[in-house]
Novice: 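I have a structure I would like to understand better, so I am pasting it below and will then ask my questions one at a time.
All values derive from a computational prediction rather than experimental measurement. Proteins get letters first, then strands, A, B, ... in listed order; numbering begins at 1 in each.
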2 protein chains.
Amino acid sequence: MPTIQDVAKHAGVSVATVSRVLNNPSSVAELTRKKVELSIQELDYSPNILGRNLRNAKSRMLLVLLPKISNQFYLKIVEGIEEKALEYGYNILLCQTHSKLEREKVYFDLLKNQLAAGAITMDPTIDRKTLINIAKRYPFVQCSEYVNAKNLPYVTIDSELAAYQVTKYLLKQGHQRIGLINVSEYFLYARDRKKGYLRALEEFHIEPEEGWFYSANDVSLESGQQVMRSLLNKKQDLTAVFAVSDMLAIGALKELNTRGIDVPNEMAVVGFDKIEFTSITYPSLTTVAQPMYKMGEISVDMLIKKIQGEKVEDIVLEHELIIREST
Amino acid sequence: MPTIQDVAKHAGVSVATVSRVLNNPSSVAELTRKKVELSIQELDYSPNILGRNLRNAKSRMLLVLLPKISNQFYLKIVEGIEEKALEYGYNILLCQTHSKLEREKVYFDLLKNQLAAGAITMDPTIDRKTLINIAKRYPFVQCSEYVNAKNLPYVTIDSELAAYQVTKYLLKQGHQRIGLINVSEYFLYARDRKKGYLRALEEFHIEPEEGWFYSANDVSLESGQQVMRSLLNKKQDLTAVFAVSDMLAIGALKELNTRGIDVPNEMAVVGFDKIEFTSITYPSLTTVAQPMYKMGEISVDMLIKKIQGEKVEDIVLEHELIIREST
DNA sequence: CTGAAAGCGCTAACAG
DNA sequence: CTGTTAGCGCTTTCAG
């Protein structure tokens, strides 16, 4: 790689002039500029981002931290983020944390080192205190899953309410014994959705039994299938299940289909998120639509504001119950 | 962020010593080391990657360039890449190129600027000549889709053969009129799979008609559905279709289900890749399994070798025909 | 309008 | 074993 020095020498000017041509062309005489531009072309020079960022202490990259891209839920969010980021002239870097602290730390270091101008996280694993500290110094926004604290802005939906509504819908359909396929209650959305589910049951004076609760190891088709398997083996006479994620619901559906259990007549199933594949399952899946794309766009808006030093408010977006064939 | 200077001052040593503690601890006296480590802790210092890379001209990041994460095909590859990279002590950065040159260039710049030690690309858009030039200077490996040239190592499967086999399988099942749902023939795999399809037809003395060929705008469920729609509207009396990607096949399946067309009796469908969702479609999808995870692992092996200056050979992996209910 | 020079944070050669 | 110092590639005063 040629450096700015090489270009300067080749064009017979100083490095400062080359730098000016790069960053503020109008401050350089027409003739000099042409000369420099020609040299840049001939040498196929492109500025070294490290040197530049080191000096400027800023970059045009945004970090996007998510647990795993295998969860379709993040797809549309990332699309929204990318589109919006591009509008602002930023590029994004996708980072899988696997909800593991060590991995997350590597990416936070990128942020600390000015390799990225800011970060959007969809699943903060790091402890609350450290997170607050990081957010104090670096532009930082939470999307979907979040930690509630001052100065840690987030965009999300009302999970508790959505879960309440979807459970109530099942109850109104006449279901009396409704299972819950959840994930680790380490996650806020898991706790919230469980709360909503319980609130609906309570309203209908139904006391949930212990055998109604299931927890998946992770958010994947396979885990969904596995949970449904153990659920069926327990013979709890459930007539419906509410899975807190479409991935789990689709996995569950697969197990039901394999066993020849009729959905929705023998077992109704609802999911959460409205990922694309929910429309092609058999039967198509009733679910709660999250405004994923919009969430992505908004998190970028918020992040850019943060970068520019403005204040940003938390945002809670609307969800929507999508009723289809599985109920 | 505290710098190495701050740590040095705080510990009462020189920056060189701090640097040594960081990079070669055994070369520092026990006592001095402890002192420095304490200061590092107290100041919550972590080295600036930019400064380090700028100096070292190397990093521990690998770039992974793919068109879009929404194509499930890349999922398992990325998993394989990530697992293996971690073994070698590298982290990965996911970059979506959308098969667009401008975006790809941004990421190649990261490579040029030593922000990453090397790159794996799954879809080179850049022109052949430039690519060869880049590969001359920077560690670079192709996975799945590739450009055939010296010094541009790749790992892939034999697409032509796989397509030939799957088409032959359909022919043996008695299908006489088999449609092809392809993507732009700009892509090598599109050309290869078409070739294989044509070779099988020829072997059975079947002359394909013009109305048998369809091209999707991109690789997505929606495009698959759209193509199937126009295919059905054309009334070509096809009894089977071969889609060059599972995403397209699943989209096609959706359209068939919507119209109440019986699969496989009225229309057989085969896909390509064996992404996870092919097992939960209705009916489950016949497809060609690619060893995605392994491809990911191998590309990292190759890349690390490249980084270490060793020679690497191209690799063609085995595929497998997975027969399920859609045929 | 242009050049000289300092310095961003770090590592490595060189002295001691 | 430790400190001094040059320099990675770049931008930005400060002079001219």
Novice: Of the listed nucleotides (dG9(D), dA5(C), dT2(D)), which one gets closest to any side-chain atom of T3(A)?
Specialist: dG9(D)

Novice: What's the closest nucleotide to the side chain of V28(A) if the choices are dT2(C), dT11(D), dC1(D)?
Specialist: dT2(C)

Novice: In terms of side-chain heavy atoms, does E82(A) have a donor or acceptor partner in H98(B) at a distance below 3.5 Å?
Specialist: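 Checked: E82(A)/H98(B) side chains pair up, N/O donor to acceptor below 3.5 Å.
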
Novice: Measure CG/L115(B) against P/dC8(D) and give the value in whole Å, please.
Specialist: 18 Å

Novice: So if I take every side-chain heavy atom of I4(B) and compare against dG3(D), dC10(C), dT13(D), which nucleotide ends up nearest?
Specialist: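 Selected nucleotide (nearest to the side chain): dC10(C).
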
Novice: Categorize A29(A) for me: base, sugar-phosphate, or nothing, with a 4.0 angstrom heavy-atom threshold over every strand shown.
Specialist: sugar-phosphate

Novice: Whole-Å distance between dT11(C) P and N53(B) CG?
Specialist: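 My rounded result for the distance is 10 Å.
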
Novice: Within this structure, what is the CD-to-P distance between E30(B) and dC1(D), rounded to whole angstrom?
Specialist: 11 Å

Novice: Using whole Å, what does the distance between atom C1' of nucleotide dT2(D) and atom CG of L31(B) come to?
Specialist: 14 Å

Novice: Is N23(B) touching bases, backbone alone, or none of the nucleic acid, heavy atoms closer than 4.0 Å?
Specialist: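 Sugar-phosphate, backbone atoms only, no base.
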
Novice: If you check every side-chain atom of L54(A), which of dT11(D), dA12(C), dC8(C) has the closest atom?
Specialist: dC8(C)

Novice: Charged N to carboxylate O below 4.0 Å: is that the case for K84(B) and E87(B)?
Specialist: yes

Novice: Out of D218(A), D123(A), T125(A), which one pairs with S99(A) under the side-chain hydrogen bond (donor to acceptor under 3.5 Å, both in side chains) rule?
Specialist: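 Of D218(A), D123(A), T125(A), side-chain hydrogen bond (donor to acceptor under 3.5 Å, both in side chains) with S99(A) is met by D123(A) alone.
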
Novice: Map V15(A) and S26(A) onto DNA chain C by nearest heavy atom, then report which one ends up closer to the 5' terminus.
Specialist: S26(A)

Novice: Between dG9(C) atom C1' and D6(B) atom CG, what is the distance in whole Å?
Specialist: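 Computing the D6(B):CG to dG9(C):C1' distance gives 10 Å.
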
Novice: Nearest-Å distance, CZ (R20(A)) to P (dC1(C))?
Specialist: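 So the two atoms are 11 Å apart, to the nearest Å.
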
Novice: Residues from residues 33-50 of chain A sitting under 4.0 Å of DNA chain D, heavy atoms only?
Specialist: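 Within this stretch, Y45(A), P47(A), N48(A) sit under 4.0 Å of the strand.
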
Novice: With the side chain of T17(B) defined as its heavy atoms from C-beta on, choose the nearest nucleotide among dA5(C), dG3(D), dT2(C).
Specialist: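 The answer is dG3(D), which lies nearest to the side chain.
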
Novice: Taking the six-membered ring where the residue is Trp, are the ring centres of Y146(B) and F187(B) under 6.0 Å apart?
Specialist: no

Novice: Can you see whether T130(A) engages N133(A) through a side-chain donor-acceptor pair at a distance of less than 3.5 angstrom?
Specialist: no

Novice: For R52(A) and dG9(D), is the shortest distance between a side-chain N/O and OP1 or OP2 below 4.0 Å?
Specialist: no

Novice: Any donor and acceptor pair, going by atom type alone, linking the side chain of T32(B) with main-chain N or O of V28(B) inside 3.5 Å?
Specialist: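 No; judged by distance alone, with no hydrogens or angles, the pair does not exist.
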
Novice: Would you call E30(B)-K34(B) a salt bridge at under 4.0 Å N-O?
Specialist: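 Salt bridge: yes.
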
Novice: What about R55(B), does its side chain sit under 3.5 Å from the base of dG9(D) through a donor-acceptor pair?
Specialist: no

Novice: Take atom CG of N24(A) and atom P of dT11(D), then tell me their distance rounded to the nearest Å.
Specialist: 12 Å

Novice: Please determine whether a side-chain nitrogen of the Lys or Arg among E79(A) and K76(A) lies less than 4.0 Å from a carboxylate oxygen of the Asp or Glu.
Specialist: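 Between K76(A) and E79(A) there is a salt bridge, with a charged N closer than 4.0 Å to a carboxylate O.
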
Novice: Separation of N56(A) atom CG from dG9(C) atom C1', in whole Å?
Specialist: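 Distance, rounded to whole Å: 14 Å.
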
